[in-house]
Amino acid sequence: MTEPSIFEPAGRAVPFVEEGEGPVTLALITNRALEADGLGVIAHYLAEEAGFRVIRIGARAAADGITASDRAADAAAVLAHLGIADTWIGGHGHGGTVARVFAAQHHELVNGLLLLGVEDEQIALASGIPVLIIQAENDEVTHAAHAEALQATAPERASIARIAGADHYFPATHPIETAVVIEEYLDWD
């Protein structure tokens with residue numbers, strides 16, 4: 001796996017990991033340390049097996065009091081630093097909430113939205129952007145009802161895929177199944 005880097009826009013230390021060089025770019029926002037975010041295997045699979053370019057963006061140090069909008073600005077700064085002009089954006093749990101804010105604030109950079117579990121937050125989906133929601137069958141943290149309610153707001157462009165037998169930690173416990181769903185959806189063109 002690739003070692004984390006630190007980007008320091010305006011003195012903020014934002015960790016990130018970049019893997020792969022493919023034509024499809026996916027930025028994953030995590031709410032944990034990159035080494036323990038549960039998304040590493042998914043990112044590595046998508047970079048190595050599917051040929052995607054994957055950037056995992058962590059939380060800056062001293063993240064207390066940092067809003068989802070602040071985190072979205074951090075992600076935008078990292079992507080600009082890497083010269084990425086368009087990407088799929090996503091995350092697991094709260095990382096997905098940050099991705100929703102990112103899509104709303106930086107619509108011009110977003111090809112689509114990937115949500116690995118959906119928090120019960122009242123954030124409208126950015127218009128015109130396709131949405132892939134991956135939901136664990138037995139998730140007691142980001143309940144299936146949240147995913148279904150969000151999908152109902154844009155049924156023509158939001159899809160739900162389910163990971164059977166999985167709980168909230170499905171990105172770590174079912175990484176290949178999750179990565180294959182992402183690969184098949186994002187690589188459709």
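Note: hydrogens, waters and symmetry copies are ignored here, and every other heavy atom, side chains too, is used.
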If hydrophobic clusters are built from ILVMFWY residues whose side chains come within less than 4.5 Å, do [X] and [Y] share one?
X	Y	value
Leu125	Ile160	yes
Leu113	Phe102	yes
Ile84	Ile29	yes
Ile176	Ile42	yes
Ile123	Val118	no

Distance (rounded to the nearest 0.5 Å) between [X] [atom1] and [Y] [atom2]:
X	Y	atom1	atom2	answer
Leu114	Ile89	CG	CD1	9.5 Å
Tyr45	Ile182	OH	CD1	10.5 Å
Leu116	Thr142	CG	OG1	9.0 Å
Ile133	Arg162	CD1	CZ	9.0 Å
Trp88	Asn111	CH2	CG	8.0 Å
Leu46	Arg53	CG	CZ	14.5 Å

May I ask you to decide if the ring planes of His146 and His143 are parallel, tilted or perpendicular, using 30° and 60° as cut-offs?
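The rings of His146 and His143 stand perpendicular, inter-plane angle above 60°.
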Less than 4.5 Å apart, any side-chain heavy atom of [X] and any of [Y]?
X	Y	answer
Gln105	Ser69	yes
Leu28	Leu26	yes
Pro9	His81	no
Leu186	Phe52	yes
Pro175	His44	no
Ile134	Ile163	yes
Leu115	Leu132	no
Thr87	Val110	no

Could you tell me whether Phe7 atom CZ has more than 12 heavy atoms of other residues or ligands within 6.0 Å of it?
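Yes.
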Around atom CD of Glu21, are there more than 12 heavy atoms from other residues, nucleotides or ligands closer than 6.0 Å?
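No, the 6.0 Å shell around CD holds no more than 12 heavy atoms from other groups.
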Donor-acceptor pair between [X] and [Y] side chains, under 3.5 angstrom:
X	Y	result
Gln151	Ser159	no
His94	Glu119	yes
Asp167	Asn138	no

Between Arg100 and Glu121, is there a side-chain N and carboxylate O pair less than 4.0 Å apart?
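Judged by the 4.0 Å cut-off on N to carboxylate O distance, Arg100 and Glu121 do not form a salt bridge.
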Is any side-chain N of the basic residue among Glu3 and Arg56 closer than 4.0 Å to the acidic one's carboxylate O?
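So Glu3 does not pair with Arg56 through a salt bridge.
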Apply side chain to side chain contact (heavy atoms under 4.5 Å, CB included) to the pair Tyr185 and Val180, showing each step before the final yes or no.
CA-CA 8 Å; Tyr185 190 89; Val180 168; over 6 Å; no
Would a line drawn from the ring center of Tyr169 to the ring center of His92 be shorter than 6.0 Å?
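When the ring centroids of Tyr169 and His92 are compared, they turn out to be at least 6.0 Å apart.
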Do Phe170 and His174 have ring centroids that are under 6.0 Å from one another?
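Aromatic pair excluded; centres sit 6.0 Å or further apart.
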Taking all non-hydrogen atoms of both residues into account, name the closest pair between [X] and [Y] and its distance.
X	Y	result
Val101	Ala72	CG1-CB, 4.0 Å
Asp70	Gly65	OD2-O, 4.1 Å
Glu49	Glu183	O-OE2, 4.3 Å
Ser127	His107	O-NE2, 2.6 Å
Val54	Ala47	CG2-N, 4.2 Å
Gly112	Ile129	CA-CG2, 3.3 Å

Taking [X] for the side chain and [Y] for the main chain, is one N or O donor matched with an acceptor at less than 3.5 Å?
X	Y	answer
Arg157	Val131	no
Asp74	Arg71	no
Glu137	Gly165	yes
Thr30	Gly58	no

Side chain to side chain contact (heavy atoms under 4.5 Å, CB included) between Leu109 and Asp86: does it pass, once the steps are laid out?
CA-CA 4 Å; Leu109 301 176; Asp86 60 273; 5.8 Å; no
Does the pair Val14 and Glu8 meet the rule for a side chain to side chain contact (heavy atoms under 4.5 Å, CB included), with working shown?
CA-CA 6 Å; Val14 182; Glu8 299 188 45; over 6 Å; no
